[in-house]
*Asks:* 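One structure follows; several queries about it will come next.
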Amino acid sequence: MSEPRRFLLPARRKFSLPAPDRSSRWPAYAGLATGVVCLAAAAIYALLPPPPPDLPSEVGVVPGQSAQAAPRSPAASKTTAAPRETLTVPPDPAVARPRRLKIPVLDVDAVVDSEIVNTVGGLTLPDDPRRVGWWSAGAGPGSTFGSVILAGHVDDRDLGRGALYDIGKLSVGDLIWVDSTAGRRAYRVAARRVYQKAKLPGDVFAQGVPERLVLVTCTSPYDRKTQSYEANVVVYASPATG
Amino acid sequence: MQRRIGLATLLSAVLIVLVLPGSALAAPVAGVNAQDQSFLRGAHQAHLAAVAAARIGLRKGDAETRELANQWLTDHSRLDNQLRPVAKKLGVDLPARPDATQQAMLNRYERTTGPAFDGLWVSTQRQAQASLRRQVEAELTGGQNEEVKTLARQTSPVVAKHAEALDDTAPAVGAAPGQVDAGRGISAGNRPVIAGTLAAVGVAFLLGSAWSWRRRSILRQSGQP
């Protein structure tokens with residue numbers, strides 16, 4: 001019967017907590033110190049400017065990119081400056097208009113404003129970053145060729161983060177759904193690229209390629225003086241088969 | 001005889017417009033389904049519109065547009081020359097001119113001047129080529145007549161080539177966005193929540209500390225150890 005005793009604590013209770021000394025000052029000091037540290041951290045979070053989104057890396061192979069190596073430098077274009085005239089070209093009625101963008105892995109379910117008619121060579125984004133714009137001069141979901149281009153603001157000082165805030169975190173193979181007037185179309189992420197904003201290649205908007213979905217938003221670095229982002233993150237996805 | 005055929009064609013054309021829009025009336029030979037007829041008519045109108053657009057492009061466009069326009073003129077004339085005899089042989093009437101939308105586009109070319117012309121031309125030709133490409137694909141999947149499908153197969157690489165040529169030209173003439181300005185200032189994200197929680201916890205600790213201090217003072221005053 002003496003067996004279980006082996007597992008009891010020794011008689012001398014070496015490790016027992018001391019009885020709380022109610023007259024000690026240390027709880028007050030510790031509380032004060034912790035409180036001050038917490039308030040200081042709160043002040044840092046509240047006062048320092050928030051960081052821009054993380055700079056995404058580049059992965060995958062861009063679908064439909066022509067073998068003629070690097071896309072032609074946009075420096076060759078003479079008219080990328082200010083848009084001169086506001087000519088608009090309505091989309092072809094035969095082209096399916098996207099309505100919703102769903103990215104299950106990012107928990108994104110955003111409305112696509114496909115009623116905005118873009119000016120020639122322009123891409124007008126909805127003011128609300130939680131909504132996404134469609135380049136009406138491009139293809140619609142379910143066309144078997146051309147780039148379906150969806151773009152949105154990455155975030156807004158007042159309205160918070162945009163629907164496309166986290167697209168830099170998408171991995172190759174991730175599923176994206178686009179609901180359009182022609183039904184649902186599934187795509188899988190094929191590649192992710194980061195371009196300096198001033199050097200966004202025209203190839204992003206290519207219509208001579210097999211169908212692909214192109215998501216465009218802004219990303220780091222952020223210029224605090226001009227209050228604008230200096231790069232675009234572009235995610236390319238190909239129609240999911242089967 | 002010629003006149004009579006001409007009159008019959010005209011009459012049937014009128015009937016098509018009045019009675020059965022978009023469907024067959026000109027009694028094409030057997031083995032030509034509605035898709036075949038629709039492709040022959042649609043592609044013919046697309047070629048007519050492309051050739052007319054090319055003529056305007058040659059007259060009003062800059063060097064890049066003129067290069068495309070020359071290509072259009074050659075390719076679409078050739079494709080239409082291949083199409084017309086097939087349509088005639090199969091007894092499918094062809095419209096004499098581009099449709100209303102295409103005509104509106106051509107009128108717009110005439111009205112637009114200056115550097116905006118090239119951007120407009122490239123943007124709308126992109127749509128026109130995409131539209132022809134859809135018709136080609138519809139014919140390849142839904143067509144019945146082998147000769148018409150052969151026409152579609154001949155058209156396919158040409159529209160693909162034209163789409164690529166447009167892709168190469170679009171940025172230079174301002175028909176593709178040069179930049180996408182997609183940020184409206186950094187959002188605070190979850191920082192207000194973090195800051196608020198930290199501040200609340202900090203205040204709680206300070207209050208606890210004050211309470212503890214006060215309690216100790218009371219204990220001391222009352223003479224307890």
Side-chain angles (χ1 to χ4, degrees), chain A residues 22-23 25 27-28 31-32 34-36 38-39 41-42 45-46 49-50 52 72 74 76-80 84-85 87 89 92 94 120-123 125 129 137 139 144-146 151-157 159-161 197-198 200 202-203 205-208 216-218 222 227-229 232, chain B residues 112 114-116 119-120 123-124 126-127 129-131 133-134 137 160 162-168 170-189 191-192 194-199 201-210 212-213 215-216 219-220 224-225:
Chain A
R22 289 183 186 281
S23 68
R25 269 178 179 163
L32 184 71
T34 317
V36 168
C38 283
L39 284 180
Y45 265 102
R72 280 209 264 168
S77 67
K78 40 193 191 291
T79 51
T80 31
R84 307 141 305 217
E85 273 173 71
L87 283 177
V89 176
D92 192 323
V120 168
L123 175 51
L125 303 181
T144 51
F145 52 87
H153 290 299
V154 63
D155 56 5
D156 179 282
R157 203 173 293 102
L159 294 170
R161 293 181 176 178
K197 206 158 70 179
L200 188 68
D203 186 62
F205 302 93
Q207 297 301 315
V216 186
T217 192
C218 269
Y222 184 78
Q227 303 204 333
S228 66
Y229 289 94
N232 285 123
Chain B
T112 311
L120 177 72
S123 296
T124 45
R126 238 180 185 171
Q127 288 185 335
Q129 295 292 326
S131 163
R133 203 164 178 174
R134 278 193 294 275
E137 287 184 356
H162 287 185
E164 279 169 26
L166 286 163
D167 282 347
D168 289 343
V173 299
Q179 321 200 332
V180 178
D181 214 350
R184 297 167 67 82
I186 298 180
S187 75
R191 287 195 154 215
I194 294 176
T197 313
L198 280 173
V201 170
V203 167
F205 267 104
L206 287 184
L207 287 176
S209 161
S212 155
W213 190 274
R215 191 187 150 106
R216 183 188 155 276
L219 285 175
R220 268 189 136 184
Q224 287 184 27

*Asks:* The criterion is side-chain hydrogen bond (donor to acceptor under 3.5 Å, both in side chains); which residues satisfy it with B/T197, sequence neighbours excluded?
*Replies:* none
*Asks:* For the atom pair OG (B/S212) and CZ (B/R215), what is the distance rounded to the nearest 0.5 Å?
*Replies:* 8.5 Å
*Asks:* Select, from A/A139, A/A151, A/G208, A/A46, the one with the greatest count of heavy-atom pairs under 4.5 Å involving chain B.
*Replies:* A/G208
*Asks:* For A/D155 and A/G160, indicate whether the former's side chain and the latter's backbone hold a donor-acceptor pair under 3.5 Å.
*Replies:* no
*Asks:* Out of B/I194, B/V203, B/L207, B/V201, return the one with the most heavy atom pairs under 4.5 angstrom to chain A.
*Replies:* B/I194
*Asks:* Counting only heavy atoms closer than 4.5 Å, note whether A/N232 contacts chain B via side chain, backbone, both or neither.
*Replies:* side chain
*Asks:* Does any N or O in the side chain of B/S209 come within less than 3.5 Å of the main-chain N or O of A/A28, such that one atom is a donor and the other an acceptor?
*Replies:* yes
*Asks:* Under a 4.5 Å heavy-atom cutoff, which of B/R134, B/R126, B/R133 has the most pairs with chain A?
*Replies:* B/R133
*Asks:* Check A/R161 with A/D156, please: is the shortest side-chain N to carboxylate O separation under 4.0 Å?
*Replies:* no
*Asks:* Between B/A175, B/A170, B/A160, which has the largest tally of heavy atom pairs under 4.5 Å with chain A?
*Replies:* B/A175
*Asks:* B/A130 versus chain A, heavy atoms under 4.5 Å apart: side chain, backbone, both or neither?
*Replies:* both
*Asks:* Measure the CG-CG distance between A/L87 and B/L120 for me, rounded to the nearest 0.5 Å.
*Replies:* 5.5 Å
*Asks:* Counting heavy-atom pairs under 4.5 Å with chain B, which one of A/L32, A/L125, A/L123 comes out on top?
*Replies:* A/L32
